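Keep in mind it's a predicted model, so treat the numbers as computed, not measured. Atom set for the values below is all heavy atoms of this structure, side chains included, hydrogens, waters and symmetry mates excluded. Below, chain A is the first sequence line, B the second, and so on; all start at residue 1.
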Amino acid sequence: MSESDSTSSTSPSNFIQQIIREDLENNKNEGRVQTRFPPEPNGYLHIGHAKSICLNFGTASEFSGLCNLRFDDTNPEKEDLEYVDSIKESIRWLGFDWEDREYYASNYFDQLYDFGVELINKGKAYVCSLTQDEARQFRGTLTEPGKNSPERERSIAENLELFARMKAGDFEDGAYTLRAKINMQSPNMNMRDPVLYRIRRLHHHQTGDKWCIYPMYDYTHCISDALENITHSLCTLEFEDHRPLYDWVLDQLDIASHPQQIEFARLNINYTVMSKRKLKQLVDENLVNGWDDPRMPTLDGMRRRGYTPGSIRNFCDMVGVTKSNSVVDVGMLEHSLRDDLDKTSPRAMCVLRPLKVVIVNVEEGHKDELILSRHPKDEEMGERKISFSKTIYIDHADFEEVPPPGFKRLIPGGEVRLRGCYVIKCEEVIKDSAGKVVELRCSIDAATLGAKPEGRKVKGVVHWVPAEESVEVEIRLYDRLFNHEAPDATDGDYRDFINPDSLEVLTGCRAEPSLRDALPEERFQFEREGYFCVDRINSTKEHPVFNLTVGLRDTWAKQNR
RNA sequence: UGGGGUGUCGCCAAGCGGUAAGGCACAAGGUUUUGAUCCUUGCAUGCGGAGGUUCGAAUCCUCCCACCCCAACCA
């Protein structure tokens, strides 16, 4: 696994592990475990996929098995190479490795075609010319049985010839389909002679223009699993009804392998949307700035936001694997994130909304070279240097003329500790003509550097940076993209619930000098503010950009809500 | 309305006939030069409901209720 593994998992056993354990005891599959992660390359991966990735790769590795990566690329209409590449990068980033087992359903198009011929020969499939409309009529409804297609009893020879001609391109798109001959009266709609192949003249990102017929998911997936010798085929709940078809196809064919499909509940998280369609819409309608917008629940977005792969993996362990539909609180994700970040992020100081502070009792040109640890609990992270001088900045939020009860920061005439530095006292407040506080005049207690003040207690601690040596940076503050906890499960359009304050760009922020050389994707805790990460796309040496990954827990803000 | 699933604390989730784990959230304390972290404590006489079986039921049986999925030539 890549990056830190500070978040060790204590995953309890889930029902899938129990099934596998039992299979192993019965020596099913010769004691072998093999899974696969089968994305369709028609969009970017999101946190929901992470659950499946962790489940498939994680389960395989727990049982010393293997997990394949297989692109489910049977619908060229929606798929693209761009997605293939991004999916691979996201999986790698998450920390998983499929080694040389990178497969495509399209690798099996020839075999799939031959199996189609086999089904026809066994009288288990037929070519049908019903239009989509007609097919719908014949299919019946949830409560009424369907009717057989008039072409259901076509001779094997004729079916063979028509199927060959479908492949050869003799017919228009949609003119014919190859259908399984199962049972039009089945209460399970999936078993009412489902379409196996359709004619579609489309360029495929893997097979080019070789094919004008493309196999359907239900037909392709089970056979691909079998060809790859998958033992446990894990998929989401909505495929439960498809399992009889999965089994039916493999039962008809002369294939030794018959993987077991097991369904689990997909991941849902509140205050966000997870469907590919909606995520794509957010991107296409410029409601966000692309698939990797840090507010998106895509893995690319989360990466850019500063999420660690370990925190995502840990989160997936935390939520578990069951068959019950559930909605996980984002708070759990954020907890996992903070938990990892707290241990792994070096500390630094950055003033988001600078307020100039002039120290009245030190000379012009005064300098204290201070050395601060990068982490309060991890000495191995080392130290950083920062110098204290006559003019510094603190945050506007850390000064109040009229403090609310319980305020522990700076007030006129009051004292506060500058983090890692002296205790200062506010002697004078300077305002502009509009009455806005623009500068503070403070004095230091020279005896308080690394020592408690004499005879009194100073409760507040405030972060600061030297005025001259600090670095100007841009900071992007992110908040949840939606302000409704179930944006897509409510009346009305989910877009109506987009949080207008989900992005706030702050310029002119002042970061301590040690941040000058921060590299893209480097993460820090800005003390008393939160965890930030150098934007991997827009940050440059001349114009550094930091993204807020997640704020520190803030019981003070909570108290004042 | 037919079929397939699921219901245990505000949110996840263990539990598999022997008397309700854990995490998140929340609350109250303690430590702290981050109102952070960390630590301690509290938080379901109750397991969708009603009956039944049993010495004993969240676990077994019966009926009922609620919610999710399925009528693409999508996956």
Side-chain angles (χ1 to χ4, degrees), chain A residues 10 12-14 18 38-40 42 72-75 77-79 128 130-132 135-136 139-146 173-179 186-192 194-200 213-214 216-218 220-221 235-244 263 265 270 276 315 317-336 338-339 342-343 347 349 372 375-377 406-409 416-421 423 448 450-452 458-463 485 525-530 551-559:
Chain A
T10 46
S13 78
N14 61 55
Q18 292 185 24
E40 184 190 13
N42 68 344
D72 227 330
D73 55 351
T74 56
N75 185 10
E77 194 178 333
K78 293 181 177 168
E79 297 153 10
C128 180
L130 251 34
T131 63
Q132 278 190 61
R136 193 179 325 118
R139 193 157 34 234
T141 67
L142 292 179
T143 50
E144 302 159 89
D173 283 11
Y176 287 97
T177 57
L178 180 71
R179 299 176 67 182
S186 172
N188 181 346
M189 300 297 288
N190 295 302
M191 300 299 270
R192 319 244 261 227
V195 170
L196 270 21
Y197 265 95
R198 74 286 213 180
I199 304 174
R200 218 44 19 129
I213 57 173
Y214 290 99
M216 303 289 289
Y217 165 85
D218 286 306
T220 308
H221 203 89
C235 64
T236 45
L237 252 29
E238 66 269 28
F239 292 104
E240 226 151 6
D241 288 345
H242 296 237
R243 186 166 8 108
E263 310 84 10
N270 57 15
K276 275 189 196 173
F315 169 73
D317 281 341
M318 279 174 79
V319 303
V321 181
T322 66
K323 288 173 80 83
S324 64
N325 268 313
S326 54
V327 181
V328 176
D329 194 312
V330 254
M332 232 194 263
L333 215 208
E334 290 175 349
H335 166 82
S336 178
R338 291 194 182 99
D339 188 50
D342 174 60
K343 293 174 195 135
R347 313 284 122 127
M349 292 195 285
L372 275 55
H375 192 107
K377 291 182 184 170
F407 192 72
K408 298 204 310 203
R409 283 107 99 146
V416 82
R417 160 79 64 183
L418 291 180
R419 171 110 249 238
C421 192
V423 167
T448 55
K452 291 205 190 311
V458 172
K459 266 192 244 157
V461 179
V462 135
H463 57 104
E485 88 177 284
Q525 183 200 96
F526 288 171
E527 288 188 289
R528 302 209 316 126
E529 292 288 357
L552 254 23
R553 271 189 73 217
D554 190 349
T555 50
W556 169 244
K558 198 179 293 171
Q559 227 176 87

Visitor: With sugar-phosphate meaning primed atoms plus P, OP1 and OP2, does A/F526 contact a base, only sugar-phosphate, or nothing at under 4.0 Å between heavy atoms?
Guide: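 No contact.
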Visitor: Could you tell me whether A/P376 contacts a base, only the sugar-phosphate backbone, or nothing, with contacts defined as non-hydrogen atoms closer than 4.0 Å?
Guide: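 Base contact - A/P376 has a heavy atom under 4.0 Å of at least one base atom.
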Visitor: Could you give the CD-to-C1' distance, from A/Q18 to B/G15, as a whole number of Å?
Guide: 10 Å
Visitor: If you look at every strand shown and take non-hydrogen atoms under 4.0 Å, does A/H242 touch a base, only sugar-phosphate, or nothing?
Guide: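 Since a base atom lies under 4.0 Å of A/H242, the category is base.
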Visitor: Would you indicate which nucleotide in B/A71, B/U34, B/C24 comes nearest to any side-chain atom of A/M332?
Guide: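 The nucleotide sitting nearest to the side chain is B/C24.
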Visitor: Which is true for A/K452 with a 4.0 Å heavy-atom rule: it touches a base, it touches only sugar-phosphate, or it touches nothing?
Guide: sugar-phosphate
Visitor: Would you indicate what A/V327 reaches in the nucleic acid, counting non-hydrogen atoms under 4.0 angstrom: base, sugar-phosphate, or nothing?
Guide: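 Sugar-phosphate: the residue A/V327, judged by heavy atoms under 4.0 Å, touches backbone atoms but no base.
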Visitor: Starting at the 5' end of RNA chain B and moving along, which residue's nearest nucleotide shows up first, A/T448 or A/G174?
Guide: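 Its nearest nucleotide lies further toward 5', so the answer is A/T448.
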Visitor: For nucleotides B/U32 and B/U37, find the distance between their C1' atoms and express it as a whole number of Å.
Guide: 9 Å
Visitor: Considering all heavy atoms of both residues, which atom of A/N270 and which atom of A/V330 are nearest to each other, and what is their separation?
Guide: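 Reported closest heavy-atom pair: OD1-N, 2.9 Å.
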Visitor: What's the CZ-C1' distance between A/R528 and B/U33, to the nearest Å?
Guide: 11 Å
Visitor: Can you tell me the base-pairing partner of B/U53? Count Watson-Crick or G-U wobble geometry only, both distances below 3.5 Å, and say none if there is no partner.
Guide: none
Visitor: What is the glycosidic conformation of B/A72: syn, defined as within 90° of 0, or anti?
Guide: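 Here the answer is syn: the torsion falls within 90° of 0.
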Visitor: Could you tell me which nucleotide pairs with B/C26 by Watson-Crick or G-U wobble geometry, both distances under 3.5 Å, or answer none if nothing does?
Guide: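 Checking every strand shown, B/C26 finds its partner in B/G42, with both distances under 3.5 Å.
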Visitor: Check every atom of B/C68, B/G23, B/C26 against the side chain of A/M318 and return the nucleotide holding the closest atom.
Guide: B/G23
Visitor: Using the P atom as the reference point in each nucleotide, state the distance between B/G29 and B/A36 in Å, no decimals.
Guide: 13 Å
Visitor: Has the side chain of A/R347 got a donor or acceptor that lies under 3.5 Å from a partner of the other kind on the base of B/U34?
Guide: yes
Visitor: Please give me the minimum heavy-atom distance between A/T141 and A/M189, naming the atom from each residue.
Guide: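 Residues A/T141 and A/M189, closest heavy atoms: O-SD, 3.7 Å.
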Visitor: Expressed as a whole number of angstroms, how long is the span from A/Q525:CD to B/C38:C1'?
Guide: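 Nearest whole value for this atom pair: 14 Å.
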Visitor: Let's see if you can work this out: which of B/C12, B/A75, B/C26 has an atom nearest to the side-chain heavy atoms of A/K558?
Guide: B/C26
Visitor: At 4.0 Å (heavy atoms only), tell me whether A/G460 reaches a base, stays on the sugar-phosphate, or touches nothing.
Guide: nothing
Visitor: Looking only at heavy atoms, what is the nearest atom pair of A/Y197 and A/M216, with distance?
Guide: N-CG, 4.2 Å
Visitor: Classify A/Y214 by what it touches in the nucleic acid, base, sugar-phosphate, or nothing, heavy-atom distance under 4.0 Å.
Guide: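 Nothing, no heavy atom under 4.0 Å.
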Visitor: Look through every strand shown and name the nucleotide pairing with B/U37 as Watson-Crick or G-U wobble, where both distances are under 3.5 Å.
Guide: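 B/U37 is paired with nothing.
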Visitor: Just the rounded figure in Å: distance from C1' of B/G23 to CD of A/E334.
Guide: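 Spelled out: CD on A/E334 to C1' on B/G23 is 16 Å.
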Visitor: For B/G3, does the base pair up with any side-chain atom of A/D241 as donor and acceptor (N or O, under 3.5 Å, distance only)?
Guide: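 By the distance-only test, yes, there is a pair.
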Visitor: Can you measure A/H335 atom NE2 to B/A25 atom P for me and round it to whole angstrom units?
Guide: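 After rounding, the reported distance stands at 6 Å.
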Visitor: Quantified in whole Å, what is the P atom distance between nucleotide B/A44 and nucleotide B/C39?
Guide: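 Pairwise P distance, B/A44 against B/C39, rounds to 22 Å.
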Visitor: Under 4.0 Å between a side-chain nitrogen and a carboxylate oxygen: does that hold for A/D342 and A/R347?
Guide: yes
Visitor: Which residue lies toward the 5' end of RNA chain B, A/G320 or A/D342, if each is placed at its nearest nucleotide?
Guide: A/G320
Visitor: Closest approach of A/R200 and A/Y214, non-hydrogen atoms and distance?
Guide: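 Result for this residue pair: O-CE1, 3.3 Å.
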Visitor: Would you call A/K78-A/E40 a salt bridge at under 4.0 Å N-O?
Guide: no
Visitor: Taking the side chain of A/D329 as heavy atoms from C-beta outward, which of B/A36, B/C11, B/C26 is closest to it?
Guide: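 Selected nucleotide (nearest to the side chain): B/C11.
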Visitor: Could you check whether A/T177 gets within reach of a base, just the sugar-phosphate, or nothing at all, counting any heavy atom under 4.0 Å?
Guide: base
Visitor: From the set B/C26, B/A71, B/U33, return the single nucleotide nearest to any side-chain atom of A/T141.
Guide: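 That would be B/A71.
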Visitor: Of the nucleotides B/U33, B/G15, B/G2, which has the atom closest to the A/S13 side chain?
Guide: B/G15
Visitor: Which part of the nucleic acid, if any, lies within contact of A/L130, taking any heavy atom under 4.0 Å across all strands shown: a base, the sugar-phosphate backbone alone, or nothing?
Guide: base
Visitor: Tell me which nucleotide, if any, is Watson-Crick or G-U wobble paired with B/C73 when both distances must be under 3.5 Å.
Guide: none
Visitor: Quick one: does A/K323 reach the base of B/U6 with a side-chain donor-acceptor pair under 3.5 Å?
Guide: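 Counting by modelled atom types and ignoring angles, no donor-acceptor contact under 3.5 Å is found here.
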Visitor: Between A/N190 (CG) and B/G2 (P), how many Å, whole number?
Guide: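 Distance, rounded to whole Å: 18 Å.
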Visitor: Using a 4.0 Å heavy-atom cut-off, does A/M349 contact any base of the nucleic acid, only the sugar-phosphate backbone, or nothing at all?
Guide: nothing
Visitor: Among B/C26, B/A71, B/G4, find the nucleotide with the atom closest to the side chain of A/E240.
Guide: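 My answer, after comparing the listed nucleotides, is B/G4.
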Visitor: So does A/D339 pair up with A/K343, basic N to acidic O under 4.0 Å?
Guide: yes
Visitor: For A/Y217 and B/A75, is the gap between ring centres under 5.5 Å while the planes differ by less than 30°?
Guide: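 Not stacked by the 5.5 Å and 30° rule.
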Visitor: Would you mind reading off the distance between A/D72 atom CG and B/A75 atom C1', rounded to a whole angstrom?
Guide: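 About 7 Å, once rounded to whole Å.
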Visitor: Which base, if any, makes a Watson-Crick or G-U wobble pair with B/U6, both distances under 3.5 Å?
Guide: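 Its partner is B/A66.
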Visitor: Does any N or O donor sit under 3.5 Å from an N or O acceptor when you compare the side chain of A/R200 with the base of B/C73?
Guide: yes
Visitor: Is any N or O donor-acceptor pair between the side chain of A/E529 and the base of B/U34 shorter than 3.5 Å?
Guide: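 When only heavy-atom distances are counted, A/E529 does not reach the base of B/U34 through any donor-acceptor pair under 3.5 Å.
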Visitor: Tell whether A/R409 reaches the base of B/G35 with its side chain through a donor-acceptor pair below 3.5 angstrom.
Guide: yes
Visitor: Whole angstroms only, please: what is the CG-P distance between A/N270 and B/C12?
Guide: 9 Å
Visitor: Could you tell me whether the side chains of A/S324 and A/T322 share a donor-acceptor contact shorter than 3.5 Å?
Guide: yes
Visitor: Compare the minimum distances between each of B/C70, B/U33, B/A36 and the side chain of A/R553, then state the nucleotide with the smallest one.
Guide: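 Nucleotide nearest to A/R553's side chain: B/A36.
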